[in-house]
There are 4 protein chains.
Amino acid sequence: VSALRGFASDNYSGVHPEIVEAILAANEGHVSAYGDDPYTAAARRRFREHFGDRAEAFPVFNGTGANVDAIDAITRPHHAVICAATSHLTLDEAGAPERIAGVKLLPIEAPDGKLTLGLIEEGIDWGRIGDQHASQPRLISIANSTELGTVYTPDEVGALAEFAHAHEMLIHVDGARICNAAAALEVDLAALTTEAGVDVLSFGGTKNGLLLGEAVVFLADGLADQFELVRKQTGQLASKMRFISAQLDALLSGDLWRRNAAHANAMAARLADAITAVEGVSLAHPVEANGVFARLPAPAIEQLEWSADGARAFYVWDEPTGVVRLMCSWDTTGGDVDAFASRLSDTMTR
Amino acid sequence: VSALRGFASDNYSGVHPEIVEAILAANEGHVSAYGDDPYTAAARRRFREHFGDRAEAFPVFNGTGANVDAIDAITRPHHAVICAATSHLTLDEAGAPERIAGVKLLPIEAPDGKLTLGLIEEGIDWGRIGDQHASQPRLISIANSTELGTVYTPDEVGALAEFAHAHEMLIHVDGARICNAAAALEVDLAALTTEAGVDVLSFGGTKNGLLLGEAVVFLADGLADQFELVRKQTGQLASKMRFISAQLDALLSGDLWRRNAAHANAMAARLADAITAVEGVSLAHPVEANGVFARLPAPAIEQLEWSADGARAFYVWDEPTGVVRLMCSWDTTGGDVDAFASRLSDTMTR
Amino acid sequence: VSALRGFASDNYSGVHPEIVEAILAANEGHVSAYGDDPYTAAARRRFREHFGDRAEAFPVFNGTGANVDAIDAITRPHHAVICAATSHLTLDEAGAPERIAGVKLLPIEAPDGKLTLGLIEEGIDWGRIGDQHASQPRLISIANSTELGTVYTPDEVGALAEFAHAHEMLIHVDGARICNAAAALEVDLAALTTEAGVDVLSFGGTKNGLLLGEAVVFLADGLADQFELVRKQTGQLASKMRFISAQLDALLSGDLWRRNAAHANAMAARLADAITAVEGVSLAHPVEANGVFARLPAPAIEQLEWSADGARAFYVWDEPTGVVRLMCSWDTTGGDVDAFASRLSDTMTR
Amino acid sequence: VSALRGFASDNYSGVHPEIVEAILAANEGHVSAYGDDPYTAAARRRFREHFGDRAEAFPVFNGTGANVDAIDAITRPHHAVICAATSHLTLDEAGAPERIAGVKLLPIEAPDGKLTLGLIEEGIDWGRIGDQHASQPRLISIANSTELGTVYTPDEVGALAEFAHAHEMLIHVDGARICNAAAALEVDLAALTTEAGVDVLSFGGTKNGLLLGEAVVFLADGLADQFELVRKQTGQLASKMRFISAQLDALLSGDLWRRNAAHANAMAARLADAITAVEGVSLAHPVEANGVFARLPAPAIEQLEWSADGARAFYVWDEPTGVVRLMCSWDTTGGDVDAFASRLSDTMTR
């Protein structure tokens with residue numbers, strides 16, 4: 001176990017102390033399994049506080065499960081899902097959406113990882129609508145914050161949602177880092193989702209201080225009807241659900257969700273400032289949440305990718321252009337950032 | 001939260017203190033995600049200590065995931081899986097094996113929930129082997145201990161494994177309660193699995209004191225090759241896997257796995273004794289592990305199914321015959337047992 | 001090629017001359033592919049003549065395709081389909097419904113292959129309705145005529161349909177031999193389907209004189225909306241659809257459908273009479289359509305199963321009880337029947 | 001039915017007279033169903049004559065079925081299939097490969113519809129090999145001739161096959177028009193497939209004069225083992241298979257396959273010559289088989305897309321650039337070609 005925290009991923013970090021306490025507090029006596037328990041009821045209410053009275057939240061294990069189940073619930077296998085070519089959905093789910101939901105993904109090249117109306121209008125062959133030989137677009141799926149560390153504003157999400165609804169489509173947000181997006185914009189969670197017209201959200205907890213736990217949150221009416229069966233059949237139903245629900249509840253009660261996310265975002269900003277001050281280092285994408293994508297000289301990558309104790313410090317995102325990804329977490333410290341920037345600077349001047 | 005622990009399910013209980021400690025101990029600094037971490041490496045070694053040098057263990061979230069992934073890894077969709085008609089696999093997975101692995105289940109009526117060679121020979125239409133119109137049996141799946149609280153001995157498992165292998169089939173054990181089976185028989189885990197010829201095991205932790213966590217354990221060579229992709233694609237890959245692995249490691253280091261299971265078994269035996277002493281109460285199945293299936297008079301069911309504080313005390317397993325299921329857990333106390341038996345007795349005499 | 005027609009299956013026969021003519025007549029010039037052609041339009045109109053104004057018919061290749069697509073169109077993977085344990089659906093589709101539609105089949109033992117309200121009420125665990133751990137019954141699927149040569153009357157179908165609808169289920173008829181059923185009862189096709197409340201029908205042509213061709217026919221509103229995509233995605237969309245449509249149209253124009261089916265039925269009745277006149281031969285099921293299930297002495301089976309020229313004369317249906325299946329076809333002659341009965345009689349007296 | 005044959009598709013044409021004869025000849029007496037018949041045996045032998053002694057051919061209904069079944073037989077759902085971005089596989093199967101085989105498609109932009117080693121090396125992120133988060137490339141699928149009317153030579157196919165095998169992948173050819181490719185190159189079918197190292201072929205009959213019928217042909221050992229079950233489970237098993245087999249046999253006996261294809265190719269060449277002689281008309285892709293992709297002025301498209309009798313004359317392939325697709329068939333005549341060119345010329349000069 002490395003003494004120094006690196007920047008490999010926000011899921012390299014552990015569990016926030018307040019979340020640990022929530023788990024311990026939930027560890028009392030016997031409780032009904034499979035979600036019929038007071039902790040889950042409380043978590044569901046808590047989601048409604050944040051996402052509105054119609055929000056229906058269902059705890060699941062992980063992000064793949066949340067995304068696949070959200071998609072499965074609102075599509076049929078002959079549907080297509082529009083997403084960014086850089087999306088986790090198409091690059092990092094090992095084909096789970098295709099295999100489990102049966103859908104086709106339609107990835108669109110998107111600068112900085114953000115879909116726009118223009119990109120979607122250009123990127124989809126709209127002449128195939130109604131053509132029995134082509135999967136029919138039914139869903140736009142965006143990640144917020146994106147896989148490249150950028151953020152959709154409420155207006156941007158709203159425009160996509162409006163477009164989706166005008167074309168008989170729905171809109172899904174992969175919110176593995178939705179808290180980072182909301183914290184970055186200093187808006188409420190609802191502003192980025194419910195109020196912007198989002199239909200279903202994968203709410204991420206694991207990357208924001210949980211041991212594990214995400215939730216599929218239906219924001220529009222009539223979509224959640226048979227979701228319990230979808231969740232069960234796809235292996236995402238926890239028996240001792242209280243321990244996931246208690247974490248989600250703790251994250252969303254008070255301001256822990258925002259504190260953790262805002263802290264990680266601030267560390268990323270600090271990191272971006274510090275490393276771009278080094279000659280030869282530049283940003284590959286705007287730093288808007290908790291991720292920094294930077295171009296590093298090859299020797300710097302070679303010397304810094306792995307720390308002295310064998311831990312990975314970051315991932316190389318694009319080998320040819322020397323772009324690396326540096327993720328900050330709820331537990332990243334200013335010291336971690338400064339030490340890294342200092343080592344980077346040293347590397348340059350050697 | 002109920003003060004008195006009921007007998008509704010062994011997943012109504014919480015997390016054992018030693019497991020809690022293991023979780024807390026793992027919550028140090030940054031660690032690689034997705035299983036590339038020392039906790040997972042340790043857990044994998046630990047599984048080899050118990051299941052032999054060739055055992056390949058992969059932590060997953062829950063029992064549905066373990067069962068479906070184990071089956072998916074070693075079958076093709078045109079295969080059939082032989083199982084007991086009372087199995088969790090066919091009754092309680094909401095069709096997950098069919099939908100995800102694509103296979104057909106061939107449930108066979110089995111007294112006390114246990115498949116035998118005779119039942120399989122009788123229950124399967126062997127004339128369909130090689131017939132392109134029929135799913136081809138490829139796997140025998142048994143639960144040990146069974147869903148009806150009975151236990152397969154090593155010899156019984158071995159006979160099924162031998163039969164399976166002689167017929168170009170494999171054998172899978174749904175071991176949601178494998179520890180209870182081994183504890184009941186006072187044998188090692190390997191005696192019931194590896195040494196008996198089992199090919200793949202769903203190892204259960206959640207019902208034996210974990211917060212959550214199971215493992216798919218391949219015991220025969222060559223079956224695990226692409227399993228990491230299967231696990232990922234089916235949504236069972238934990239990012240902060242260390243927290244599942246640390247629990248599994250703690251369960252299997254020392255004798256916690258056996259202590260917890262043996263205790264639950266002992267409580268079930270005590271419960272069986274106590275309630276069958278009551279007039280009008282009889283056992284529906286032999287009590288061999290941590291579950292008691294008993295016939296209760298209707299008034300007793302009515303009065304005892306729910307405790308005063310609204311918690312479920314047990315499930316009615318078969319309404320017409322008045323059979324109820326009473327599960328004991330690692331935290332069931334002698335006092336819990338005696339209090340229930342006493343209330344039952346009171347009910348009868350009123 | 002055998003000179004004598006046997007009784008192995010009604011799909012051992014060839015193409016009826018009037019169907020051949022329809023194919024040849026359709027073989028003129030260029031025609032739009034994939035169903036956008038006048039032959040398909042005519043066939044669709046023809047189906048409406050028989051099944052009512054709301055009927056939406058879609059030609060497909062074969063019976064597996066028709067059944068699977070019909071089920072897929074009106075279920076979700078967490079649904080269950082109630083069927084007879086003797087149904088083609090569960091015994092002879094190699095697990096296609098489970099794999100493609102993702103559903104679970106709930107086969108019920110049914111004497112003479114016919115489901116009844118009583119059997120369904122008894123055979124399904126209705127306590128699982130609304131239980132997230134169990135596939136939810138959504139469809140009753142019956143075959144008419146059945147796989148055992150029996151026939152549901154309009155009243156019997158109507159009772160099942162009413163029950164289905166009262167329980168938020170739909171009803172599907174596997175009509176691979178629906179023409180034989182209607183001919184046997186001397187009723188219209190609609191009487192057995194649309195008017196009885198059937199929601200969707202697999203209409204069989206292949207066994208009734210076609211080269212190949214079936215149709216999925218939606219009889220209730222709102223079920224066919226996205227069916228073209230279902231058909232395409234499951235590989236059942238013919239490019240030169242005119243050749244399937246022209247056959248279906250020819251079968252349903254005039255009375256060819258009834259002539260062929262009634263003839264096959266009559267031959268079965270004649271066969272049943274002839275062979276039961278032989279000592280030691282008895283019927284295993286009532287002979288109501290074009291199939292005869294008879295118990296034959298073992299020596300007779302041995303001598304008659306294969307004809308002198310190596311062609312299979314019939315299939316042994318149940319080895320232990322000596323039940324064989326004898327299917328009559330549109331081209332079975334009285335001579336074929338009498339010759340077989342005579343050979344059977346000879347066998348007995350030798 | 002239009003008197004004048006258009007150029008909309010090679011599946012707008014009917015059945016070649018010699019194929020009609022083969023169907024009629026096969027329509028004699030009773031024959032075993034599901035492929036256990038002399039016609040299918042003959043067809044399988046015939047495929048071996050063309051594709052080598054190890055070729056295992058399985059008749060199926062249509063191209064979607066052939067492609068999906070071929071892929072399903074040799075992949076697992078966590079695999080990816082490399083194909084051209086213009087391939088029928090990704091554009092025109094309504095997501096069937098994803099839904100049925102569960103795989104992910106990796107479409108690569110390919111000029112003139114042809115994949116090359118360079119394009120594949122560039123287009124795939126080889127850094128993901130062995131990464132559990134990414135579908136693993138297992139198959140290269142090319143169409144020959146391509147969807148844009150171009151042809152891979154034996155050397156080009158061989159280079160792709162060699163690359164595939166060197167990277168633990170297999171190679172599939174979508175041969176809906178493999179006869180056109182072989183005829184165009186004046187080579188044997190084996191030269192383009194077996195001898196070039198192809199593992200599995202979708203052999204197309206429908207577009208080359210059949211009523212309907214394709215075949216999945218395994219060319220490498222060990223791939224076909226369980227294919228009969230795959231074909232059945234995916235709904236591609238014909239009961240009266242003799243009628244498909246007899247067509248395939250007739251196509252491949254003598255030189256009908258080459259005659260039909262060469263004729264269509266010659267008509268395309270004649271058409272390309274004739275229309276490029278018209279001012280303002282140019283080719284969008286090389287004309288190497290039976291398809292002509294040409295840029296037409298907008299007024300020409302408007303006047304010619306539909307013929308006077310309401311039949312479609314061609315499809316607009318790319319609206320913005322005015323590219324249309326003109327397909328020639330086995331029954332296209334020189335008169336058809338000249339008449340079209342003449343009308344096009346008239347349009348220009350008006």
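No experiment lies behind these values; they were computed from the predicted model shown. Each chain gets a letter, A, B and so on, in the order its sequence line appears, and its residues count up from 1.
At a 4.5 Å heavy-atom cutoff, the contact between D/L212 and chain C is made by side-chain atoms alone. Residue contact with chain D, scored on non-hydrogen atoms closer than 4.5 Å, involves the backbone and the side chain of C/N11 alike. Of the atoms belonging to D/N27, it is side-chain heavy atoms, and not backbone ones, that fall under 4.5 Å from chain C. For D/V20, the part lying near chain C is the side chain, with the backbone staying farther off; criterion is any non-hydrogen pair under 4.5 Å. Heavy-atom distances place the side chain of D/I23, and not its backbone, under 4.5 Å from chain C.
Looking at D/T234, its side chain does come within 3.5 Å of a backbone N or O of D/V230 through a donor-acceptor pair. At distances below 3.5 Å, not a single donor-acceptor pair connects side-chain atoms of D/K240 with backbone N or O atoms of D/V31. For the pair C/Q233 (side chain) and D/A94 (backbone), a donor-acceptor distance under 3.5 Å is present.
The environment of CG in D/D36 is sparse: at most 12 heavy-atom neighbours from other residues, nucleotides or ligands sit within 6.0 Å.
Of the listed residues (C/G63, C/G65, C/A96, C/S13), the greatest number of heavy-atom pairs within a distance under 4.5 Å of chain D belongs to C/S13. In terms of non-hydrogen atom pairs under 4.5 Å with chain C, the most contact-rich of D/L211, D/I244, D/V68 is D/L211. With chain D as partner, the option from C/A26, C/S239, C/S329 having the largest number of non-hydrogen pairs under 4.5 angstrom is C/S239. Residue with the most contacts toward chain D among C/L237, C/T64, C/D37, C/V15: C/V15 (heavy-atom pairs, distance under 4.5 Å).
Nearest heavy atom pair, residue C/A8 against residue C/Y315, reads O-CD1, 3.4 Å.
For an aromatic pair to be called close, the ring centres must be under 6.0 Å apart, and D/F227 with D/F58 satisfies this.
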Q: Would you sort out whether D/H263 and D/W330 count as a ring pair (Phe, Tyr, Trp, His ring centres under 6.0 Å), showing the intermediate values?
A: CA-CA 6 Å; D/H263 174 81; D/W330 64 267; 8.4 Å; no
